[in-house]
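First the structure, in the form of C-alpha coordinates, and then the observations on it.
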Amino acid sequence: MPENVNLLIVDDQEELCEVLKDVFQDIGYQADAVQRGKEAVAKAEQTFFHVVLIDIILPDMSGIEVLKRVKEVSPQTEGIIITGNTSLKNSIDALSIGAFSYLIKPLDLDEVRAVIRNALEKQRVAMENLLLKRFNEDIVSYSPAGILVIDKDFNVMLVNEAYCEIFQITREDARGRPLKDVLPIDRFEEKLYRVQRSHKPLYGLELRYRCPGVGMKVLNASISEIPLSRVTGEEAGLLLVIQDLTEQNRLEKELFQSQKMAALGETAARVAHEIRNPLQQVLTGIQCFQKHSTVDEEERVALEGIVDGVGSINRIITDLLDYARPVELTCNKVDIHDVLDGVLFQVEEAFRNSNIQVSKHYEKNLQRIWADGFKIKHAFQNIVKNAMDAMPHGGNLTITTCLREKDEGRKSADILEVRFADTGCGIPEGETERIFQPFYTTRNKGIGLGLAITRNMINLHKGEILVESKVGEGTQMIVRLSIK
Ligand SMILES: Nc1ncnc2c1ncn2[C@@H]1O[C@H](COP(=O)(O)OP(=O)(O)OP(=O)(O)O)[C@@H](O)[C@H]1O
Ligand SMILES: [Mg+2]
(Lines give C-alpha, C1' and ligand atoms only; values in the text may rest on other atoms or scores of the structure.)
(Ligands and ions follow the chains in the order given, each with its own letter.)
Protein backbone atom coordinates (compact mmCIF):
# COMPACT_ATOMS: atom_id res chain seq x y z
CA MET A 1 0.00 0.00 0.00
CA PRO A 2 1.37 3.47 -0.81
CA GLU A 3 2.45 5.49 2.24
CA ASN A 4 0.32 8.59 1.69
CA VAL A 5 -2.91 7.63 0.05
CA ASN A 6 -4.75 10.57 -1.46
CA LEU A 7 -8.44 10.23 -2.16
CA LEU A 8 -10.91 12.59 -3.79
CA ILE A 9 -14.66 12.39 -3.24
CA VAL A 10 -16.86 14.08 -5.83
CA ASP A 11 -20.45 14.30 -4.66
CA ASP A 12 -22.91 17.17 -4.23
CA GLN A 13 -24.27 15.60 -1.02
CA GLU A 14 -22.14 17.36 1.57
CA GLU A 15 -23.14 15.06 4.47
CA LEU A 16 -22.06 11.97 2.52
CA CYS A 17 -18.74 13.63 1.68
CA GLU A 18 -18.13 14.34 5.38
CA VAL A 19 -19.00 10.77 6.42
CA LEU A 20 -16.67 9.31 3.78
CA LYS A 21 -13.86 11.72 4.68
CA ASP A 22 -14.10 10.62 8.35
CA VAL A 23 -14.09 6.95 7.37
CA PHE A 24 -11.00 7.36 5.20
CA GLN A 25 -9.14 9.54 7.64
CA ASP A 26 -9.76 6.91 10.34
CA ILE A 27 -7.86 4.35 8.30
CA GLY A 28 -5.00 6.76 7.59
CA TYR A 29 -5.92 8.05 4.11
CA GLN A 30 -5.99 11.71 3.19
CA ALA A 31 -9.32 12.66 1.74
CA ASP A 32 -10.54 15.76 -0.03
CA ALA A 33 -14.06 16.43 -1.29
CA VAL A 34 -15.63 18.63 -3.98
CA GLN A 35 -19.20 19.06 -5.14
CA ARG A 36 -18.73 19.74 -8.83
CA GLY A 37 -17.17 17.92 -11.77
CA LYS A 38 -15.12 20.90 -12.93
CA GLU A 39 -13.59 21.32 -9.48
CA ALA A 40 -12.63 17.64 -9.46
CA VAL A 41 -10.83 17.92 -12.83
CA ALA A 42 -9.03 21.07 -11.68
CA LYS A 43 -7.87 19.30 -8.50
CA ALA A 44 -6.68 16.27 -10.44
CA GLU A 45 -4.61 18.58 -12.62
CA GLN A 46 -2.85 19.93 -9.50
CA THR A 47 -2.51 16.85 -7.28
CA PHE A 48 -2.17 13.12 -7.83
CA PHE A 49 -5.12 11.21 -6.36
CA HIS A 50 -4.74 7.50 -5.98
CA VAL A 51 -8.50 7.00 -6.13
CA VAL A 52 -11.46 9.25 -6.97
CA LEU A 53 -14.98 8.35 -5.92
CA ILE A 54 -17.45 10.09 -8.20
CA ASP A 55 -21.21 10.36 -7.97
CA ILE A 56 -22.73 9.57 -11.34
CA ILE A 57 -25.00 12.62 -11.25
CA LEU A 58 -23.37 15.95 -10.53
CA PRO A 59 -24.77 19.47 -10.94
CA ASP A 60 -22.46 20.45 -13.83
CA MET A 61 -21.66 17.22 -15.67
CA SER A 62 -22.03 13.46 -15.48
CA GLY A 63 -19.71 11.43 -13.23
CA ILE A 64 -18.70 9.36 -16.29
CA GLU A 65 -17.51 12.55 -18.04
CA VAL A 66 -15.59 13.64 -14.91
CA LEU A 67 -13.83 10.29 -14.67
CA LYS A 68 -12.95 10.46 -18.37
CA ARG A 69 -11.32 13.88 -17.92
CA VAL A 70 -9.54 12.89 -14.72
CA LYS A 71 -8.12 9.84 -16.52
CA GLU A 72 -6.93 12.10 -19.32
CA VAL A 73 -4.87 14.24 -16.95
CA SER A 74 -3.90 11.40 -14.60
CA PRO A 75 -4.12 7.97 -16.26
CA GLN A 76 -2.86 6.11 -13.18
CA THR A 77 -5.69 7.38 -10.95
CA GLU A 78 -8.29 4.70 -10.23
CA GLY A 79 -11.97 5.77 -10.43
CA ILE A 80 -14.95 4.41 -8.58
CA ILE A 81 -18.41 5.50 -9.68
CA ILE A 82 -21.19 5.88 -7.13
CA THR A 83 -24.63 5.33 -8.59
CA GLY A 84 -28.01 5.86 -7.06
CA ASN A 85 -29.63 2.99 -8.94
CA THR A 86 -28.69 -0.42 -10.20
CA SER A 87 -29.01 0.52 -13.85
CA LEU A 88 -26.87 -1.95 -15.78
CA LYS A 89 -26.19 0.68 -18.45
CA ASN A 90 -24.59 3.09 -15.94
CA SER A 91 -22.40 0.37 -14.52
CA ILE A 92 -21.27 -0.80 -17.97
CA ASP A 93 -20.58 2.81 -19.04
CA ALA A 94 -18.47 3.34 -15.93
CA LEU A 95 -16.40 0.21 -16.43
CA SER A 96 -16.00 0.77 -20.17
CA ILE A 97 -14.25 4.08 -19.62
CA GLY A 98 -11.84 2.52 -17.18
CA ALA A 99 -13.55 2.81 -13.79
CA PHE A 100 -12.15 0.27 -11.36
CA SER A 101 -15.57 -0.52 -9.96
CA TYR A 102 -18.90 1.00 -8.99
CA LEU A 103 -20.75 1.34 -5.70
CA ILE A 104 -24.50 1.57 -5.24
CA LYS A 105 -26.20 3.96 -2.85
CA PRO A 106 -26.94 3.67 0.00
CA LEU A 107 -23.29 2.91 0.59
CA ASP A 108 -22.13 0.01 2.72
CA LEU A 109 -19.02 1.47 4.38
CA ASP A 110 -17.28 -1.90 4.74
CA GLU A 111 -17.78 -2.47 1.05
CA VAL A 112 -16.41 1.05 0.31
CA ARG A 113 -13.25 0.29 2.32
CA ALA A 114 -12.80 -3.08 0.60
CA VAL A 115 -13.26 -1.65 -2.91
CA ILE A 116 -10.77 1.15 -2.20
CA ARG A 117 -8.23 -1.37 -0.87
CA ASN A 118 -8.65 -3.49 -4.02
CA ALA A 119 -8.31 -0.43 -6.26
CA LEU A 120 -5.10 0.55 -4.48
CA GLU A 121 -3.71 -2.98 -4.82
CA LYS A 122 -4.48 -3.05 -8.55
CA GLN A 123 -2.85 0.36 -8.90
CA ARG A 124 0.28 -0.79 -7.05
CA VAL A 125 0.72 -3.78 -9.38
CA ALA A 126 0.05 -1.64 -12.47
CA MET A 127 2.58 0.99 -11.29
CA GLU A 128 5.18 -1.67 -10.62
CA ASN A 129 4.64 -3.14 -14.07
CA LEU A 130 4.86 0.28 -15.62
CA LEU A 131 8.10 1.05 -13.77
CA LEU A 132 9.57 -2.29 -14.77
CA LYS A 133 8.53 -1.72 -18.38
CA ARG A 134 10.06 1.79 -18.39
CA PHE A 135 13.18 0.44 -16.68
CA ASN A 136 13.58 -2.23 -19.36
CA GLU A 137 12.86 0.24 -22.12
CA ASP A 138 15.45 2.66 -20.70
CA ILE A 139 18.11 -0.06 -20.48
CA VAL A 140 17.49 -1.04 -24.09
CA SER A 141 17.11 2.52 -25.38
CA TYR A 142 20.09 4.12 -23.69
CA SER A 143 22.48 1.20 -23.99
CA PRO A 144 25.54 2.35 -25.95
CA ALA A 145 25.63 -1.07 -27.61
CA GLY A 146 23.34 -1.88 -30.52
CA ILE A 147 20.47 -4.10 -29.33
CA LEU A 148 18.26 -6.14 -31.57
CA VAL A 149 15.48 -8.48 -30.43
CA ILE A 150 14.29 -11.27 -32.72
CA ASP A 151 11.50 -13.78 -32.36
CA LYS A 152 12.01 -17.51 -32.62
CA ASP A 153 11.58 -17.33 -36.41
CA PHE A 154 14.45 -14.79 -36.65
CA ASN A 155 12.19 -11.84 -37.42
CA VAL A 156 13.07 -8.50 -35.83
CA MET A 157 10.87 -7.42 -32.93
CA LEU A 158 12.77 -4.29 -31.96
CA VAL A 159 16.04 -2.43 -32.33
CA ASN A 160 17.37 0.30 -30.05
CA GLU A 161 18.70 3.80 -30.77
CA ALA A 162 22.34 2.71 -30.89
CA TYR A 163 21.51 -0.01 -33.42
CA CYS A 164 19.66 2.49 -35.63
CA GLU A 165 22.63 4.86 -35.35
CA ILE A 166 25.21 2.20 -36.30
CA PHE A 167 23.33 0.71 -39.23
CA GLN A 168 21.47 3.87 -40.31
CA ILE A 169 18.09 2.23 -40.13
CA THR A 170 14.86 3.38 -38.50
CA ARG A 171 13.01 1.35 -35.86
CA GLU A 172 9.97 1.20 -38.14
CA ASP A 173 12.04 -0.09 -41.07
CA ALA A 174 13.60 -2.80 -38.95
CA ARG A 175 10.47 -4.09 -37.21
CA GLY A 176 9.08 -7.33 -38.64
CA ARG A 177 11.90 -7.81 -41.16
CA PRO A 178 13.94 -11.03 -41.34
CA LEU A 179 17.19 -10.73 -39.35
CA LYS A 180 19.39 -11.23 -42.40
CA ASP A 181 17.94 -8.03 -43.96
CA VAL A 182 18.70 -5.97 -40.88
CA LEU A 183 21.98 -7.41 -39.55
CA PRO A 184 24.58 -7.41 -42.34
CA ILE A 185 26.54 -10.48 -41.31
CA ASP A 186 27.60 -13.31 -43.60
CA ARG A 187 26.34 -16.78 -42.66
CA PHE A 188 24.66 -15.21 -39.62
CA GLU A 189 22.76 -18.34 -38.58
CA GLU A 190 25.96 -20.31 -38.33
CA LYS A 191 27.63 -17.55 -36.33
CA LEU A 192 24.67 -17.15 -34.01
CA TYR A 193 24.72 -20.87 -33.47
CA ARG A 194 28.36 -20.57 -32.40
CA VAL A 195 27.47 -17.80 -29.96
CA GLN A 196 24.59 -19.88 -28.64
CA ARG A 197 26.72 -22.97 -28.18
CA SER A 198 29.64 -21.25 -26.48
CA HIS A 199 27.55 -18.83 -24.38
CA LYS A 200 30.34 -16.33 -25.04
CA PRO A 201 30.42 -13.23 -27.21
CA LEU A 202 31.85 -13.66 -30.69
CA TYR A 203 34.64 -11.19 -31.28
CA GLY A 204 36.42 -10.08 -34.42
CA LEU A 205 33.37 -9.86 -36.66
CA GLU A 206 33.60 -7.66 -39.71
CA LEU A 207 30.19 -6.38 -40.64
CA ARG A 208 30.10 -4.85 -44.11
CA TYR A 209 27.06 -2.84 -44.99
CA ARG A 210 25.85 -0.06 -47.20
CA CYS A 211 25.10 3.17 -45.38
CA PRO A 212 22.75 5.54 -47.19
CA GLY A 213 24.70 8.60 -48.34
CA VAL A 214 28.02 7.17 -47.13
CA GLY A 215 28.54 3.98 -49.15
CA MET A 216 30.07 0.75 -47.90
CA LYS A 217 31.15 0.74 -44.26
CA VAL A 218 33.04 -1.88 -42.30
CA LEU A 219 32.31 -2.30 -38.63
CA ASN A 220 34.57 -4.28 -36.31
CA ALA A 221 32.15 -5.75 -33.84
CA SER A 222 31.43 -8.35 -31.23
CA ILE A 223 28.08 -10.02 -30.87
CA SER A 224 26.55 -11.60 -27.77
CA GLU A 225 23.14 -13.10 -27.37
CA ILE A 226 20.70 -13.56 -24.54
CA PRO A 227 17.86 -16.06 -25.01
CA LEU A 228 14.48 -14.67 -24.03
CA SER A 229 12.16 -17.12 -22.30
CA ARG A 230 8.44 -16.87 -22.03
CA VAL A 231 6.75 -17.18 -18.65
CA THR A 232 5.96 -20.77 -19.65
CA GLY A 233 9.68 -21.43 -20.09
CA GLU A 234 9.29 -21.88 -23.83
CA GLU A 235 11.88 -20.07 -25.95
CA ALA A 236 10.55 -16.69 -27.15
CA GLY A 237 13.44 -15.33 -29.19
CA LEU A 238 16.84 -13.77 -28.79
CA LEU A 239 18.28 -10.47 -27.71
CA LEU A 240 21.45 -9.70 -29.64
CA VAL A 241 23.97 -7.17 -28.38
CA ILE A 242 26.24 -5.74 -31.05
CA GLN A 243 29.23 -3.86 -29.77
CA ASP A 244 31.01 -1.48 -32.15
CA LEU A 245 34.70 -2.17 -31.54
CA THR A 246 36.01 -0.10 -34.46
CA GLU A 247 37.32 2.70 -32.26
CA GLN A 248 38.67 0.32 -29.64
CA ASN A 249 40.50 -1.70 -32.32
CA ARG A 250 41.87 1.48 -33.83
CA LEU A 251 43.21 2.61 -30.46
CA GLU A 252 44.72 -0.83 -29.81
CA LYS A 253 46.39 -0.78 -33.23
CA GLU A 254 47.66 2.74 -32.59
CA LEU A 255 49.07 1.72 -29.22
CA PHE A 256 50.70 -1.37 -30.72
CA GLN A 257 52.12 0.72 -33.56
CA SER A 258 53.50 3.36 -31.19
CA GLN A 259 55.09 0.67 -29.00
CA LYS A 260 56.60 -0.87 -32.13
CA MET A 261 57.83 2.52 -33.26
CA ALA A 262 59.34 3.30 -29.87
CA ALA A 263 61.28 0.00 -29.96
CA LEU A 264 62.29 0.58 -33.58
CA GLY A 265 63.34 4.15 -32.80
CA GLU A 266 65.55 3.01 -29.97
CA THR A 267 67.15 0.28 -32.09
CA ALA A 268 67.62 2.63 -35.04
CA ALA A 269 69.29 5.24 -32.84
CA ARG A 270 71.72 2.66 -31.44
CA VAL A 271 72.49 1.14 -34.83
CA ALA A 272 72.94 4.60 -36.36
CA HIS A 273 75.39 5.54 -33.65
CA GLU A 274 77.36 2.28 -34.02
CA ILE A 275 77.47 2.49 -37.83
CA ARG A 276 78.11 6.18 -38.26
CA ASN A 277 81.40 6.18 -36.36
CA PRO A 278 83.10 3.51 -38.51
CA LEU A 279 81.51 5.07 -41.62
CA GLN A 280 83.11 8.37 -40.75
CA GLN A 281 86.47 6.56 -40.43
CA VAL A 282 86.00 5.00 -43.89
CA LEU A 283 85.16 8.39 -45.38
CA THR A 284 88.09 10.14 -43.72
CA GLY A 285 90.45 7.38 -44.89
CA ILE A 286 89.24 7.64 -48.48
CA GLN A 287 89.46 11.43 -48.49
CA CYS A 288 93.01 11.16 -47.17
CA PHE A 289 93.80 8.63 -49.85
CA GLN A 290 92.26 10.81 -52.58
CA LYS A 291 94.23 13.82 -51.40
CA HIS A 292 97.66 12.33 -50.98
CA SER A 293 97.89 9.43 -53.41
CA THR A 294 98.10 9.46 -57.13
CA VAL A 295 95.44 7.16 -58.39
CA ASP A 296 94.73 5.99 -61.92
CA GLU A 297 91.31 6.38 -63.55
CA GLU A 298 90.03 2.95 -62.54
CA GLU A 299 91.06 3.50 -58.92
CA ARG A 300 89.49 6.96 -58.93
CA VAL A 301 86.13 5.52 -60.09
CA ALA A 302 86.38 2.78 -57.48
CA LEU A 303 87.06 5.34 -54.72
CA GLU A 304 84.12 7.48 -55.85
CA GLY A 305 81.99 4.35 -55.77
CA ILE A 306 82.99 3.81 -52.14
CA VAL A 307 82.14 7.44 -51.26
CA ASP A 308 78.74 7.00 -52.99
CA GLY A 309 78.14 3.78 -51.11
CA VAL A 310 78.96 5.44 -47.80
CA GLY A 311 76.55 8.26 -48.76
CA SER A 312 73.79 5.72 -49.44
CA ILE A 313 74.34 3.95 -46.12
CA ASN A 314 74.20 7.31 -44.39
CA ARG A 315 70.95 8.18 -46.17
CA ILE A 316 69.40 4.86 -45.15
CA ILE A 317 70.30 5.55 -41.54
CA THR A 318 68.88 9.07 -41.74
CA ASP A 319 65.63 7.76 -43.28
CA LEU A 320 65.34 5.07 -40.68
CA LEU A 321 65.86 7.59 -37.90
CA ASP A 322 63.37 9.98 -39.50
CA TYR A 323 60.78 7.25 -39.69
CA ALA A 324 61.34 5.68 -36.32
CA ARG A 325 62.22 8.37 -33.84
CA PRO A 326 59.47 10.41 -32.24
CA VAL A 327 59.16 13.70 -34.07
CA GLU A 328 58.00 16.97 -32.61
CA LEU A 329 56.77 19.83 -34.71
CA THR A 330 58.26 23.29 -34.55
CA CYS A 331 55.55 25.39 -36.12
CA ASN A 332 55.70 28.86 -37.63
CA LYS A 333 53.70 30.79 -40.18
CA VAL A 334 54.79 29.12 -43.41
CA ASP A 335 54.28 30.13 -47.03
CA ILE A 336 53.58 26.80 -48.72
CA HIS A 337 54.37 28.21 -52.17
CA ASP A 338 57.85 29.17 -50.94
CA VAL A 339 58.31 25.63 -49.62
CA LEU A 340 57.22 24.15 -52.97
CA ASP A 341 59.50 26.50 -54.92
CA GLY A 342 62.39 25.54 -52.63
CA VAL A 343 61.80 21.83 -53.36
CA LEU A 344 61.56 22.47 -57.12
CA PHE A 345 64.74 24.53 -57.05
CA GLN A 346 66.63 21.59 -55.55
CA VAL A 347 65.50 19.19 -58.29
CA GLU A 348 65.77 21.65 -61.18
CA GLU A 349 68.92 20.15 -62.64
CA ALA A 350 67.87 16.55 -62.10
CA PHE A 351 64.51 17.33 -63.77
CA ARG A 352 66.30 18.95 -66.71
CA ASN A 353 68.48 15.87 -67.11
CA SER A 354 65.47 13.58 -66.94
CA ASN A 355 63.47 15.75 -69.34
CA ILE A 356 60.70 16.50 -66.83
CA GLN A 357 58.60 19.65 -67.29
CA VAL A 358 56.99 21.35 -64.31
CA SER A 359 53.72 23.34 -64.37
CA LYS A 360 52.58 25.27 -61.33
CA HIS A 361 48.97 26.33 -60.64
CA TYR A 362 49.13 28.19 -57.38
CA GLU A 363 46.09 29.52 -55.48
CA LYS A 364 46.21 33.31 -55.52
CA ASN A 365 44.65 34.00 -52.12
CA LEU A 366 46.72 31.68 -50.05
CA GLN A 367 47.77 32.99 -46.64
CA ARG A 368 50.67 31.59 -44.66
CA ILE A 369 49.69 28.52 -42.66
CA TRP A 370 50.78 27.35 -39.25
CA ALA A 371 53.16 24.43 -39.89
CA ASP A 372 56.63 23.02 -39.45
CA GLY A 373 58.15 24.25 -42.73
CA PHE A 374 61.13 21.95 -42.51
CA LYS A 375 59.03 18.80 -42.12
CA ILE A 376 56.55 19.84 -44.79
CA LYS A 377 59.47 20.45 -47.14
CA HIS A 378 60.82 16.98 -46.35
CA ALA A 379 57.41 15.45 -47.10
CA PHE A 380 57.12 17.34 -50.43
CA GLN A 381 60.70 16.38 -51.36
CA ASN A 382 59.81 12.69 -51.00
CA ILE A 383 56.71 13.09 -53.18
CA VAL A 384 58.57 15.04 -55.87
CA LYS A 385 61.42 12.55 -55.84
CA ASN A 386 58.99 9.67 -56.29
CA ALA A 387 57.40 11.49 -59.23
CA MET A 388 60.86 11.84 -60.78
CA ASP A 389 61.57 8.15 -60.21
CA ALA A 390 58.26 7.30 -61.87
CA MET A 391 59.21 9.23 -65.03
CA PRO A 392 62.67 7.93 -66.02
CA HIS A 393 62.03 8.84 -69.67
CA GLY A 394 60.65 12.29 -68.96
CA GLY A 395 57.15 13.63 -68.48
CA ASN A 396 55.20 16.37 -66.72
CA LEU A 397 54.76 17.21 -63.09
CA THR A 398 51.85 19.54 -62.36
CA ILE A 399 51.63 21.09 -58.91
CA THR A 400 48.32 22.68 -57.97
CA THR A 401 47.34 24.38 -54.72
CA CYS A 402 43.77 25.27 -53.82
CA LEU A 403 41.56 26.04 -50.84
CA ARG A 404 38.69 23.79 -49.83
CA GLU A 405 35.96 23.44 -47.23
CA LYS A 406 36.16 20.41 -44.98
CA ASP A 407 32.39 20.09 -44.88
CA GLU A 408 30.37 21.12 -47.85
CA GLY A 409 28.30 24.19 -47.26
CA ARG A 410 30.79 25.89 -44.97
CA LYS A 411 31.37 29.48 -45.89
CA SER A 412 35.10 29.74 -45.33
CA ALA A 413 37.82 27.41 -46.55
CA ASP A 414 39.61 25.42 -43.90
CA ILE A 415 41.78 23.05 -45.95
CA LEU A 416 44.76 23.70 -48.18
CA GLU A 417 45.08 21.06 -50.86
CA VAL A 418 48.36 20.46 -52.70
CA ARG A 419 48.22 18.11 -55.71
CA PHE A 420 51.30 16.60 -57.34
CA ALA A 421 50.22 15.05 -60.65
CA ASP A 422 52.83 13.18 -62.66
CA THR A 423 52.62 11.39 -65.99
CA GLY A 424 54.72 8.48 -64.80
CA CYS A 425 54.30 4.72 -64.69
CA GLY A 426 51.36 4.80 -62.24
CA ILE A 427 50.58 2.41 -59.40
CA PRO A 428 48.65 -0.85 -59.90
CA GLU A 429 45.14 -0.93 -58.40
CA GLY A 430 45.21 -2.55 -54.99
CA GLU A 431 48.74 -1.33 -54.26
CA THR A 432 47.81 2.26 -53.49
CA GLU A 433 47.46 1.69 -49.75
CA ARG A 434 50.60 -0.45 -49.50
CA ILE A 435 52.86 2.30 -50.84
CA PHE A 436 52.61 4.06 -47.46
CA GLN A 437 53.78 1.01 -45.54
CA PRO A 438 57.39 1.15 -44.36
CA PHE A 439 59.86 -0.78 -46.53
CA TYR A 440 57.42 -1.21 -49.42
CA THR A 441 59.36 -0.42 -52.56
CA THR A 442 59.39 -1.43 -56.22
CA ARG A 443 62.62 0.40 -56.96
CA ASN A 444 65.99 -1.33 -57.05
CA LYS A 445 67.67 1.33 -54.99
CA GLY A 446 64.65 2.29 -52.90
CA ILE A 447 64.31 1.65 -49.21
CA GLY A 448 60.59 2.13 -49.10
CA LEU A 449 60.58 4.68 -46.31
CA GLY A 450 59.90 7.87 -48.30
CA LEU A 451 56.11 7.78 -48.21
CA ALA A 452 55.96 6.26 -44.72
CA ILE A 453 57.94 9.28 -43.48
CA THR A 454 55.83 11.63 -45.59
CA ARG A 455 52.57 10.27 -44.19
CA ASN A 456 53.92 10.54 -40.63
CA MET A 457 54.82 14.19 -41.17
CA ILE A 458 51.47 15.03 -42.74
CA ASN A 459 49.57 13.15 -40.01
CA LEU A 460 51.53 15.05 -37.35
CA HIS A 461 50.05 18.19 -38.91
CA LYS A 462 46.58 16.57 -38.59
CA GLY A 463 46.48 16.50 -42.35
CA GLU A 464 46.04 13.62 -44.76
CA ILE A 465 47.69 12.27 -47.87
CA LEU A 466 45.71 10.45 -50.55
CA VAL A 467 46.67 8.87 -53.83
CA GLU A 468 44.90 8.46 -57.16
CA SER A 469 46.68 6.54 -59.86
CA LYS A 470 46.32 4.68 -63.12
CA VAL A 471 48.98 2.40 -64.52
CA GLY A 472 50.50 3.89 -67.69
CA GLU A 473 48.83 7.27 -67.16
CA GLY A 474 50.25 8.69 -63.96
CA THR A 475 49.77 9.39 -60.29
CA GLN A 476 48.32 12.20 -58.21
CA MET A 477 49.46 12.56 -54.63
CA ILE A 478 47.03 14.80 -52.75
CA VAL A 479 48.11 16.44 -49.51
CA ARG A 480 45.47 18.18 -47.37
CA LEU A 481 46.54 20.47 -44.57
CA SER A 482 44.43 22.42 -42.15
CA ILE A 483 44.82 26.17 -42.52
CA LYS A 484 43.13 27.05 -39.22
N1 LIG B 1 54.49 8.98 -58.13
C2 LIG B 1 54.59 7.67 -58.11
N3 LIG B 1 54.38 6.94 -59.23
C4 LIG B 1 54.46 5.61 -59.21
N5 LIG B 1 54.76 4.87 -58.11
C6 LIG B 1 54.98 5.52 -56.98
C7 LIG B 1 54.92 6.95 -56.90
N8 LIG B 1 55.17 7.29 -55.62
C9 LIG B 1 55.41 6.15 -54.95
N10 LIG B 1 55.30 5.09 -55.75
C11 LIG B 1 55.45 3.66 -55.37
O12 LIG B 1 55.49 3.59 -53.98
C13 LIG B 1 56.65 2.91 -53.53
C14 LIG B 1 57.04 3.43 -52.18
O15 LIG B 1 57.47 4.79 -52.26
P16 LIG B 1 58.43 5.32 -51.14
O17 LIG B 1 58.76 6.72 -51.47
O18 LIG B 1 57.87 5.02 -49.83
O19 LIG B 1 59.69 4.38 -51.29
P20 LIG B 1 60.75 4.36 -52.46
O21 LIG B 1 60.61 5.57 -53.30
O22 LIG B 1 60.61 3.05 -53.13
O23 LIG B 1 62.07 4.38 -51.62
P24 LIG B 1 62.67 5.60 -50.76
O25 LIG B 1 62.62 5.14 -49.34
O26 LIG B 1 64.05 5.78 -51.26
O27 LIG B 1 61.81 6.78 -51.00
C28 LIG B 1 57.64 3.15 -54.62
O29 LIG B 1 58.64 2.15 -54.64
C30 LIG B 1 56.74 3.06 -55.85
O31 LIG B 1 56.47 1.72 -56.19
MG1 LIG C 1 60.56 7.48 -52.45
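These numbers were taken from a predicted model, which means no experiment stands behind them. We count ligands from 1, going down the list as the structure has it; atoms in each ligand are counted the same way. Position 1 is the first residue of the sequence, and the numbers go up from there. These values consider heavy atoms only, across backbone and side chains, with no hydrogens, waters or symmetry-generated copies.
- Those atoms of ligand 1 with a heavy atom of Arg315 less than 4.0 angstrom away are 26 (O).
- By the 6.0 Å and 45° rule, Arg434 does not stack over the aromatic ring of Tyr440.
- Residues Glu297 and Arg300 are paired through a salt bridge, judged by an N-O separation under 4.0 Å between the basic side chain and the carboxylate.
- Taking the charged nitrogens against the carboxylate oxygens, Glu161 and Arg171 do have a contact shorter than 4.0 Å, which makes a salt bridge.
- For atom 5 (N) of ligand 1, the closest non-hydrogen atom of the protein is Ile427 CG1, 3.3 Å.
- Of all atoms in ligand 1, numbered sequentially from 1 with element shown, those under 4.0 Å from a heavy atom of Ile447 are 23 (O), 24 (P), 25 (O), 26 (O).
- Considering backbone and side-chain N/O of Asp389, none are found under 3.5 Å from N/O of ligand 1.
- For the pair Ser312 (side chain) and Asp308 (backbone), a donor-acceptor distance under 3.5 Å is present.
- Residue, atom and distance of the protein heavy atom nearest to atom 20 (P) of ligand 1 are Arg443 NH2, 3.6 Å.
- Counting protein heavy atoms only, atom 11 (C) of ligand 1 is closest to Ile435 CG2, 3.8 Å.
- In the vicinity of Thr441, heavy-atom distances shorter than 4.0 Å reach the ligand 1 atoms 20 (P), 22 (O), 29 (O).
- Here the shortest heavy-atom pairing between Gly474 and Ser469 reads O-OG, 3.2 Å.
- Scanning the protein for heavy atoms near atom 1 (N) of ligand 1, the closest one is Asp422 OD2, 2.9 Å.
- The atoms of ligand 1 that sit less than 4.0 Å from any heavy atom of Ala390 are 2 (C), 3 (N), 4 (C).
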TODO: Show your reasoning for whether side-chain hydrogen bond (donor to acceptor under 3.5 Å, both in side chains) applies to Thr423 and Asn396.
DONE: CA-CA 6 Å; Thr423 54; Asn396 297 316; 4.7 Å; no
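- For ligand 1, the atoms lying closer than 4.0 Å to a non-hydrogen atom of Thr475 are 1 (N), 2 (C), 3 (N), 4 (C).
- Ligand 1 has a nitrogen or oxygen under 3.5 angstrom from a nitrogen or oxygen of Thr442.
- In terms of protein heavy-atom proximity, atom 14 (C) of ligand 1 is nearest to Tyr440 O, 3.2 Å.
- Using a distance-only test at 3.5 Å, with no hydrogens or angles considered, no donor-acceptor pair links the side chain of Asn355 to the main chain of Gly394.
- Between Glu274 and Arg270 there is no salt bridge, since none of the side-chain N atoms of the basic residue sits less than 4.0 Å from a carboxylate O of the acidic one.
- Taking backbone and side-chain atoms together, Asn386 has an N/O/S atom less than 2.8 Å away from the Mg ion (ligand 2).
- With respect to atom 17 (O) of ligand 1, the closest heavy atom belonging to the protein is Asn386 ND2, 2.8 Å.
- Every N/O-N/O distance between Gly446 and ligand 1 stays at or above 3.5 Å.
- By the 3.5 Å distance cut-off applied to N or O atoms, Leu451 is counted among the residues near ligand 1.
- Considering backbone and side-chain atoms together, Ala452 places no N or O closer than 3.5 Å to any N or O of ligand 1.
- For atom 23 (O) of ligand 1, the nearest protein heavy atom (residue, atom name, distance) is Gly448 N, 3.1 Å.
- Residue contacts with ligand 1: Gly424 is excluded, as none of its non-hydrogen atoms falls under 4.0 Å.
- Annotation: Lys385 places no N or O atom under 3.5 Å from an N or O atom of ligand 1; distance criterion only.
- With hydrogens and angles left out, the side-chain atoms of Arg177 and Asn155 include no donor and acceptor closer than 3.5 Å.
- At the top of the distance list for atom 25 (O) of ligand 1, counting protein heavy atoms only, stands Leu449 N, 2.8 Å.
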Task: Test log, rule side-chain hydrogen bond (donor to acceptor under 3.5 Å, both in side chains), inputs Thr401 and His361 - done: CA-CA 6 Å; Thr401 59; His361 300 283; over 6 Å; no
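- Formation of a donor-acceptor pair under 3.5 Å by the Gln123 side chain with backbone atoms of His50 is found in this model.
- By the 4.0 Å N-to-carboxylate-O rule, Lys68 lies too far from Glu72 to be salt-bridged with it.
- Looking at Lys445 next to ligand 1, no N or O pair under 3.5 Å apart turns up.
- Side chain of Asp151 to main chain of Phe154: a donor-acceptor pair is present (N/O by atom type, distance under 3.5 Å, no hydrogens or angles).
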